[in-house]
Asks: 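What follows is a structure written as structure tokens; I'll ask about it next.
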Amino acid sequence: MINIPKGTKDMLPNEAFKWHYVQNKISNIARRFCINEIRTPVFEHTELFLRGVGETTDIVSKEMYTFLDKGERSITLKPEGTAGVARAFVESSLYANPQPTKMYYFTPVFRYEKPQNGRLREHHQFGIEFFGSPEPMADVEVIMVAKTIFNELGITDLTLNINSIGCPKCRAVYNQVLKQFFAKNIDKMCQTCKERLDKNPLRILDCKEERCTEINKDAPVVLDYLCDDCKNHHNQVMALLDSLNIAYNVNPKIVRGLDYYTKTVFEFVSNKIGAQGTVCGGGRYDGLVEQVGGKPTPAVGFGMGIERLLLTLENLGLPVGVEDCPDVYVAPICEQGKQMCLKLVMNLRNSGFSVETDLLSRSLKAQMKFANKLNAKFVVILGEEELQNNNVTVKNMATGETSLVALENLVLNLGR
RNA sequence: GUGGGUAUAGCUCAGUUGGCUAGAGCGCUAGGUUGUGGCCCUAGAGGUCAAGGGUUCAAUUCCCUUUACUCACCCCA
């Protein structure tokens with residue numbers, strides 16, 4: 001027995017409708033925001049993620065699915081969605097189109113992590129990326145897309161956390177200040193934080209160890225060290241959110257795990273789906289396009305975990321769509337009926353009905369049970385008696401009524 | 001990478017203080033007379049009791065190891 005790789009999940013036929021439900025809702029919203037779909041490969045050159053996401057991040061340093069292909073190229077399965085889109089933006093000269101460029105995608109992403117509730121090695125993300133606008137309005141429109149998705153799915157209790165982590169200029173200053181602050185207290189902090197002090201002091205703020213959070217309380221806040229431009233940007237983002245009556249927490253502790261973020265970072269968090277509560281995370285990444293070889297281009301976007309979104313819906317008891325059931329089940333129970341069955345079924349299908357029929361030569365009783373389990377709306381019985389007069393029996397499964405219908409009137413009859 | 005929990009039928013779970021053919025409910029298949037679903041009844045199929053080793057006259061039950069799953073840390077969607 002060969003089983004499914006660790007941390008992956010089959011999407012089985014009986015739950016496919018849930019994915020269609022959220023994908024339809026989401027792509028409809030994307031359409032109304034005038035965002036076009038982009039599809040990029042599931043794998044890219046490893047170099048793209050090294051440069052784009054950052055070599056010191058956990059994602060790149062220990063979680064990537066990387067291998068050499070037969071041409072000895074180092075290839076990596078997407079660990080996130082943004083870098084590939086940025087690569088395509090540059091490679092296909094999308095900057096030459098009228099700006100901004102607004103794109104969305106659904107994609108599987110792969111990270112070699114230890115699976116747990118809400119965390120898989122392959123999961124799926126819906127993401128959007130807006131290229132070309134440095135304006136706070138773009139940040140807010142991006143947040144609005146996520147907000148609209150949650151609203152229209154009925155999810156109202158997510159917390160929106162926002163922060164600004166500044167630009168490379170002010171972050172360098174802040175990093176220095178942070179280092180000085182933590183250097184004083186480092187003896188009292190956990191081992192990981194000791195290591196973070198040199199590599200990436202920003203991460204210390206995110207530590208959940210009690211002794212560290214205690215010290216973190218008094219740590220200098222990034223917002224106090226933003227340059228005028230970043231400060232101004234952040235204030236405008238908040239003002240716009242206020243004007244739209246969108247509730248948010250300014251949380252100076254949130255630090256996203258990808259190096260490319262600048263200025264605005266945000267996340268929508270649920271407390272209903274276990275410890276892995278971030279359903280949507282994103283922000284501005286003004287430096288990424290340049291990192292992957294393009295001209296400096298401001299950009300902002302987010303990624304949303306579809307599995308976590310579904311978990312949230314289910315744990316809140318919200319609708320997740322309904323399974324499709326057949327309009328008609330056709331039950332042939334005599335030789336003549338069997339012979340004409342597929343032809344009739346095809347006629348009905350060509351008329352737009354979803355139609356199931358018997359592929360197992362079962363008894364009428366068994367077929368009725370089957371039709372009932374499928375939740376078919378009508379059963380059409382092809383039996384000897386009625387076929388002699390070019391009729392069929394039509395049974396309405398909800399009411400139990402049966403009626404004799406002329407073959408040539410069948411489509412009409414089922415239509416009403 | 002670090003910790004905790006679990007492992008008996010397709011699913012949810014009983015059970016044996018070690019002892020003949022290992023159970024239930026649900027699901028699946030077929031029936032309950034001649035061509036009609038849902039409720040009810042009957043029967044059937046389906047298990048190397050996660051795998052390997054040990055103790056024992058005897059192990060699914062006790063012990064050890066491994067694997068898988070799961071939750072949490074870390075990190076993230």
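The chains referred to below are lettered A, B, ... by the order of the sequence lines, with proteins before strands, and numbering in each begins at 1.
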Asks: Base, sugar-phosphate or nothing for A:Glu122? Non-hydrogen atoms, less than 4.0 Å.
Replies: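 Since no nucleic acid heavy atom lies under 4.0 Å of A:Glu122, the category is nothing.
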Asks: Counting Watson-Crick and G-U wobble pairs only, both distances under 3.5 Å, name the nucleotide matched with B:rA59, or none.
Replies: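 For B:rA59, the partner nucleotide comes out as none, under the 3.5 Å rule.
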Asks: Contact class for A:Leu120 (heavy atom, under 4.0 Å): base, sugar-phosphate, or nothing?
Replies: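 Base contact - A:Leu120 has a heavy atom under 4.0 Å of at least one base atom.
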Asks: Judged by each residue's nearest nucleotide on RNA chain B, which is more toward the 5′ side, A:Pro115 or A:Thr399?
Replies: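 Counting from the 5' end, the first nearest nucleotide belongs to A:Thr399.
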Asks: State whether the number of non-hydrogen atoms from other residues, nucleotides or ligands found under 6.0 Å of A:Lys62 atom NZ is greater than 12.
Replies: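 No.
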Asks: So A:Lys62, base contact, sugar-phosphate only, or nothing? Heavy-atom distance under 4.0 Å.
Replies: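 Nothing, no heavy atom under 4.0 Å.
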Asks: Considering the options A:Glu80, A:Gln291, A:Arg284, which one meets the side chain to side chain donor-acceptor pair (under 3.5 Å) requirement together with A:Tyr260?
Replies: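 Between A:Tyr260 and the candidates, side chain to side chain donor-acceptor pair (under 3.5 Å) is satisfied uniquely by A:Glu80.
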Asks: Look at A:Lys373 and B:rC28 and indicate whether a side-chain polar atom (N or O) is within less than 4.0 Å of OP1 or OP2.
Replies: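 Affirmative; the distance criterion is met.
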Asks: Which nucleotide, if any, forms a Watson-Crick or G-U wobble pair with B:rC28, using both distances under 3.5 Å?
Replies: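 Result: B:rG44.
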Asks: Which nucleotide, B:rA30, B:rG35, B:rG37, lies nearest any side-chain atom of A:Lys365?
Replies: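 Nucleotide nearest to A:Lys365's side chain: B:rG37.
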Asks: May I ask which nucleotide in the shown strands pairs with B:rG1, Watson-Crick or G-U wobble, both distances under 3.5 Å?
Replies: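 B:rC73 is the nucleotide pairing with B:rG1.
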Asks: Both distances below 3.5 Å, Watson-Crick or wobble geometry, any strand: find the nucleotide opposite B:rA14.
Replies: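 Check on B:rA14: unpaired, no WC or wobble geometry under 3.5 Å.
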Asks: Considering heavy-atom distances to RNA chain B, does A:Ala376 or A:Tyr112 have its closest nucleotide positioned more toward the 5' end?
Replies: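 The residue mapped nearer the 5' terminus is A:Tyr112.
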Asks: Nearest of B:rA30, B:rG3, B:rA77 to any side-chain atom of A:Thr278?
Replies: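 Side chain of A:Thr278 sits closest to B:rA77.
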Asks: Counting heavy atoms from C-beta on, name the nucleotide in B:rA77, B:rC73, B:rG35 closest to the side chain of A:Cys280.
Replies: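 Closest nucleotide to the A:Cys280 side chain: B:rA77.
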Asks: Are side-chain N/O atoms of A:Glu129 and A:Thr82 paired as donor and acceptor at under 3.5 Å?
Replies: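 Side chains of A:Glu129 and A:Thr82: pair found under 3.5 Å.
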Asks: Could you tell me whether A:Gly118 contacts a base, only the sugar-phosphate backbone, or nothing, with contacts defined as non-hydrogen atoms closer than 4.0 Å?
Replies: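 Base contact.
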Asks: Within the structure shown, what part of the strands sits under 4.0 Å from A:Ala275 by heavy-atom distance: base, sugar-phosphate, or nothing?
Replies: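 Sugar-phosphate, backbone atoms only, no base.
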Asks: Given B:rC71, is OP1 or OP2 found less than 4.0 Å from the side-chain N or O atoms of A:Asn117?
Replies: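 Yes, such a contact exists.
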Asks: Using a heavy-atom cut-off of 4.0 Å across all strands, would you classify A:Glu80 as base, sugar-phosphate, or nothing?
Replies: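 It contacts nothing in the nucleic acid.
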Asks: May I ask you to decide whether A:Arg32 forms a salt bridge with A:Glu152, counting only side-chain N to carboxylate O separations under 4.0 Å?
Replies: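 The answer is yes: the pair qualifies as a salt bridge.
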Asks: May I ask you to verify if any side-chain N or O of A:Lys6 is less than 4.0 angstrom from the OP1 or OP2 atom of B:rC69?
Replies: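 Yes.
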Asks: Hey, could you give me the CZ/CZ distance between A:Phe106 and A:Phe126, rounded to the nearest 0.5 Å?
Replies: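 The distance works out to 5.5 Å.
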Asks: Check every atom of B:rA30, B:rA77, B:rU36 against the side chain of A:Arg119 and return the nucleotide holding the closest atom.
Replies: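 When the side chain of A:Arg119 is considered, B:rA77 is the closest of B:rA30, B:rA77, B:rU36.
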Asks: When you measure from the centre of the six-membered ring of A:Tyr112, is the NZ or CZ of A:Arg121 closer than 6.0 Å and no more than 45° off the axis?
Replies: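 Yes, a cation-pi geometry holds between A:Arg121 and A:Tyr112.
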Asks: If you look at every strand shown and take non-hydrogen atoms under 4.0 Å, does A:Leu309 touch a base, only sugar-phosphate, or nothing?
Replies: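 Since no nucleic acid heavy atom lies under 4.0 Å of A:Leu309, the category is nothing.
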Asks: Name the nucleic acid region contacted by A:Arg362, choosing base, sugar-phosphate or nothing; use a 4.0 angstrom heavy-atom cut-off, strictly under.
Replies: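 The residue A:Arg362 makes sugar-phosphate contact but no base contact.
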Asks: Within the structure shown, what part of the strands sits under 4.0 Å from A:Glu384 by heavy-atom distance: base, sugar-phosphate, or nothing?
Replies: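 Base: the residue A:Glu384, judged by heavy atoms under 4.0 Å, touches a nucleobase.
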